[in-house]
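Taking it in order: structure first as C-alpha cells, then the write-up.
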Amino acid sequence: MDVELVKMPPLRLFAIRHIGPYPQIGKAFTKLFQAVEGRNIKQGDVLGVYHDNPLEGDPAALRSDAALVLGDDVAMPQTNPNPLDGELHGYLIDEDLYARVLHVGSYEGLPQAWMNLGHWFATNNRTMSDTGACFERYLNDICETPEAELRTEIYISIVPE
C-alpha cells in the first residue's frame, strides 16, 4: 500500500448529514445531488466525510456527511455544528496534513482499505489527529464507471512529526 503525506488546503463543504451505518450513506448522496440540482450549484469534488470510529459505539449512531467541495465563488450554506439526519448544511474542514491512500475497485473493499491505512499508522509510528477530518474523495462516477475501475482516495488527518 502506497501512503502519501499531503497537505490539504481548507475545504468548504455543502453536505447532507447521514446518521447510521456508514455503508448506508448512499441515500444522503442522492439527497445531496437533488439539492445541488435545484440550487444551480456547480458540482465540485465529491466527498464522504466520516466523523466517528465505526469500531466503537452503536453503528446506528455513526455520523457522516455526503459532501461537495464548494469553490470560492459559491456562497456557503448555513452552518450547523450538529446537523440532523438528512439536513443540508455547510461547514469548513481546516487546512491539515493527511495520510492518503488510493483504493481501486468496488466500494465494498473500502472498509478493508481503511483498516490497512490504520495498520500503516501503527507500523510507521504515526498518530491520527484527534481534531482533523477523515474522508473519502471519489475520483470517478459510480454511475458511469465499472466497479473494478472505481478510484477512491482515503484521507486521515495526521499529527505532524
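The structure displayed is predicted, hence computed values, not measured ones.
With contacts defined as side-chain heavy-atom distances shorter than 4.5 Å, the pair L97/E161 does not qualify. Put simply, the side chain of I93 reaches to within 4.5 Å of the side chain of V49, judged on heavy atoms. A heavy-atom distance below 4.5 Å is found between the side chains of F14 and L88. The side-chain heavy atoms of Y155 and L47, taken from C-beta on, include no pair separated by under 4.5 Å. Contact check for P83 versus Y91: no side-chain heavy atoms found under the 4.5 Å cut-off. A 4.5 Å side-chain heavy-atom check between Y50 and E136 finds at least one atom pair inside the cut-off. Side-chain contact between L5 and R126: present, with at least one pair of heavy atoms (C-beta onward) separated by less than 4.5 Å.
Atom-to-atom distance recorded for D65:CG and I25:CD1 is 7.0 Å, nearest 0.5 angstrom. Separation of atoms CG (L62) and CD (Q24) is listed at 10.0 Å; rounding is to 0.5 Å. Residue E108 holds its CD atom at 6.0 Å from CD of E147, rounded to the nearest 0.5 Å. Rounding to the nearest 0.5 Å gives a distance of 7.0 Å between NE2 of H51 and OG of S64. Taken from CD1 in I158 to NZ in K7, the straight-line distance is 12.5 Å, to the nearest 0.5 Å. With rounding to the nearest 0.5 angstrom, the CD1 atom of I156 is 12.0 Å from the OG1 atom of T127.
Considering every non-hydrogen atom in both F121 and S157, the closest pair reads CZ-O, 4.4 Å. Pairing each heavy atom of Y98 with each of A133, the nearest pair is CE2-O, 3.3 Å. The nearest pair of heavy atoms linking V159 to S129 is CG2-CA, 3.8 Å. The nearest pair of heavy atoms linking P21 to A60 is CD-CA, 4.2 Å.
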(request) Start with the C-alpha gap between V69 and L13, add the side-chain angles, then the distance that decides, and say whether side-chain contact (heavy atoms from CB on, under 4.5 Å) holds. (result) CA-CA 5 Å; V69 177; L13 302 180; 3.8 Å; yes
(request) Walk me through it: do I16 and K27 pass the test side-chain contact (heavy atoms from CB on, under 4.5 Å)? (result) CA-CA 10 Å; I16 294 281; K27 296 178 282 188; over 6 Å; no
(request) Please assess L92 against D94 for the test side-chain contact (heavy atoms from CB on, under 4.5 Å), listing each intermediate value before the final yes or no. (result) CA-CA 6 Å; L92 178 72; D94 293 327; 3.7 Å; yes
(request) Carefully, step by step, assess L68 and D45 under the rule side-chain contact (heavy atoms from CB on, under 4.5 Å). (result) CA-CA 6 Å; L68 291 175; D45 286 346; over 6 Å; no
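Contact check on D85 versus R17 returns no salt bridge, with no Lys/Arg side-chain nitrogen under 4.0 Å from an Asp/Glu carboxylate oxygen.
Residue D130 qualifies as open at atom CG: its count of foreign heavy atoms under 6.0 Å is 12 or below. The number of heavy-atom neighbours closer than 6.0 Å to CG of D141, taken from other residues, nucleotides and ligands shown, is above 12. Counted within 6.0 Å of NE2 on H119, heavy atoms from surrounding residues, nucleotides or ligands total 12 or fewer; the atom is thus considered open.
Evaluation of the ring pair (Phe, Tyr, Trp, His ring centres under 6.0 Å) rule for H103 yields no partner, not counting sequence neighbours. Under the ring pair (Phe, Tyr, Trp, His ring centres under 6.0 Å) criterion, Y107 pairs with Y138, not counting sequence neighbours. Residues that satisfy the side-chain contact (heavy atoms from CB on, under 4.5 Å) test with L139, not counting sequence neighbours, are L102, R137, R151, E153.
Listed for the Y22 side chain is a donor-acceptor partner under 3.5 Å among the backbone atoms of D52. Checked by atom type and distance alone, the side chain of N140 pairs as donor or acceptor with a backbone atom of E149 at under 3.5 Å.
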